[in-house]
Number of protein chains: 2
Amino acid sequence: MLRVTIKDVSREAGVSIKTVSRVLNNERYVGAETRARVQAAVAQLKFRPSLAARSLAGKRSFQIALICDNPSPYYVYEMQSGIRDRCVEEGVRMIAQPYDRDSATLIEDIENLVDATSVDGLILTPPVTDYAAVLELLERRGVRFVRVSPGGDVALTSSTFIDNEAAARLMTEHLIALGHRRIGIVRGHPDYATSAQRFAGYAAALEGAGIARDDTLVRAGRYDFASGSAAAEALLDLAAPPSAIFASSDDMAAGVLAAAHRRGIKVPEQLSVAGFDDTALASVVWPPLTTIRQPTRAMGYAAADLLLAGGDSPAERREVGYELVVRGSTGVVSPP
Amino acid sequence: MLRVTIKDVSREAGVSIKTVSRVLNNERYVGAETRARVQAAVAQLKFRPSLAARSLAGKRSFQIALICDNPSPYYVYEMQSGIRDRCVEEGVRMIAQPYDRDSATLIEDIENLVDATSVDGLILTPPVTDYAAVLELLERRGVRFVRVSPGGDVALTSSTFIDNEAAARLMTEHLIALGHRRIGIVRGHPDYATSAQRFAGYAAALEGAGIARDDTLVRAGRYDFASGSAAAEALLDLAAPPSAIFASSDDMAAGVLAAAHRRGIKVPEQLSVAGFDDTALASVVWPPLTTIRQPTRAMGYAAADLLLAGGDSPAERREVGYELVVRGSTGVVSPP
DNA sequence: TTGTAGGCGTTATCAC
DNA sequence: GTGATAACGCCTACAA
């Protein structure tokens, strides 16, 4: 397999190897004419630099990795797509590293990844985005990383996020405005900071409206269909069941809708259901659902953007807008 | 950042660099005691070889890529997970390359990937698995690749698949056995070989039962929710609507169920619905669904296995079993 | 069974 | 502005 190398290009263009390298890396101090000649030769020979060689000799590896452990394939897909979009623009590859959240070797795996591939950076999604051991490791090793939807310790590192609390509050206020007073909530997975954030928004809305919170209406969930379904069953079993249920994720909203459907409860006539981060499951399959649309793809794109930005640019928090989608009619709420 | 190199290990173990390398690559001709000493040193220093250096110097890059363009996030997720599982065992990284099917630069993108990363191989999923231009390119460049669910030209390259025709036939025969005579089908995306294979199974079952095929019951689809829903609407609008509908994918089955639901048609009392490759959408959200369970994850695992197997092992076709799931009760049908 | 020399394709350093 | 030359960390080929 005959590989085209810089050497070939340099010969073709009649310049030195180093000059070709300069053009490739967009360095200064290259004559306009020389640059053009080199670029022509590159195109002519279809030269594509070897990532391995670049990585070995230089400081960059032109690869980033996504550390993703999420129960929702839609979330993963959207996240990957967003990151991919930005990577393509930059000529960078994405290593997808799906992880088991329970893996006892998570730290070691990540360290392995970092050492073996010398990735230019990592993108962390919940819940790993808040694992102190991981953050500490990356910090110590001097590896760049961007956190998606982090909980605490937000000042130090770059991150992308939406204002989960404000969004959940908006959604809950919407339910209150519809006249609901007994609003149930299915919380997200306890390991995810977003769960607490969304619950806080729910609680704040109730408090703002002067509605005393009834903790029998607060149910634990795990961000998946099954837990949403089970929680809804429990809520609907109450002597005084809620008239509205706010599920902290789309999968759970689908579970709630399924439970209602099993009991012959009409949505939204007899029960209002609200969701979060609609993907395809709940909002498409069972349309009568009001939801917060979280731009997962945009968060991925932004995360990659932050990662690829500057070698030593300061930590930056980038907020992404969300939408409140009321039964299919959309109102843009907060694109910052 | 102080990198631990082979040199450090060799010093620690009191052997030459080459000997360490031999141990790392599981080569023969290393004394048991020497090997143990080296392994101890590796563990001691937490040595992790640089992929870049290995790739540059050797023949392998320890990276493979997944060329995936599929409308179903579940499919992508399962596929990636299966491949990942096998890669982890082998210490290989996976580069995820989601592609736009319509991309005019697909060929160039893949060539780019191959040249830049020197991946040890590629895994192609439908519909790219049947793109002649891509296959020709890889063949010409001498790059190993494995096709998932290919259509034609199957003899030359390794592939993993299920017997889509037999599965669809089984499913259709099941519907016939239930007494159905007017069975509608929503075909898959025309670019996917699996669409034709599943339709062939449907047709064969009808013919085997001596039922004349009514082409008004055959509808085009695109493997997604919307097309399944639209096709079902059309079928249910017929003067003589079908009593059963076979959707060629899970997303489309969900669409069919949604359409039935909108019209207040009870499933399965008034309409039987059958699906294929249940993921979470149709079969979980709307349980009364009989379906063929395609082991996407297993196909991914098998594909990676074939790819990582031997450097010059011959092409091998690996069939994976499927299950017919009848309303939740499972009968294993064909694990080869 | 083990060790030595050379090179993989690129970037970094330092002259010119 | 441009060009030699030395790394980068490992594997291949060959020698011992």
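So that the names make sense, note that chain A is the first sequence line, chain B the second, and so on, each numbered from 1.
The side-chain hydrogen bond (donor to acceptor under 3.5 Å, both in side chains) test with B:Tyr301 singles out one residue from B:Arg84, B:Glu78, B:Glu89, and that residue is B:Glu89.
Other residues, nucleotides and ligands place more than 12 heavy atoms under 6.0 Å from the CD atom of B:Glu27.
In this structure, A:Thr34 reaches the D:dT2 phosphate: one of its side-chain N or O atoms is under 4.0 Å from OP1 or OP2. Between A:Thr19 and D:dT2 there is no side-chain N or O to OP1 or OP2 distance below 4.0 Å. Within the 4.0 Å cut-off from OP1 or OP2 of C:dT2, not a single side-chain nitrogen or oxygen of B:Ser16 is found.
No donor-acceptor pair under 3.5 Å is formed between the side chain of A:Asn70 and the backbone N or O of A:Tyr75.
For B:Asp115 and C:dT10, the CG to C1' distance is 15 Å, given to the nearest whole Å. When rounded to the nearest whole Å, the span between CZ of B:Arg37 and C1' of C:dT2 equals 12 Å.
Between A:Lys46 and B:Asp115 there is no salt bridge, since no side-chain N of the basic residue sits under 4.0 Å from a carboxylate O of the acidic one.
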Worksheet item: How would nucleotides 8-16 of chain D be written as a contact map, 5' to 3', with B for base contact, S for sugar-phosphate-only contact and - for no contact, using protein heavy atoms under 4.0 Å?
Response: BBBSB----
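Minimum heavy-atom separation, A:Val320 to A:Ile162: O-CG2, 3.3 Å.
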Worksheet entry | Verdict with reasoning, B:Asp8 to B:Arg3, per salt bridge (Lys or Arg N to Asp or Glu O under 4.0 Å) | CA-CA 9 Å; B:Asp8 301 319; B:Arg3 179 175 245 300; over 6 Å; no
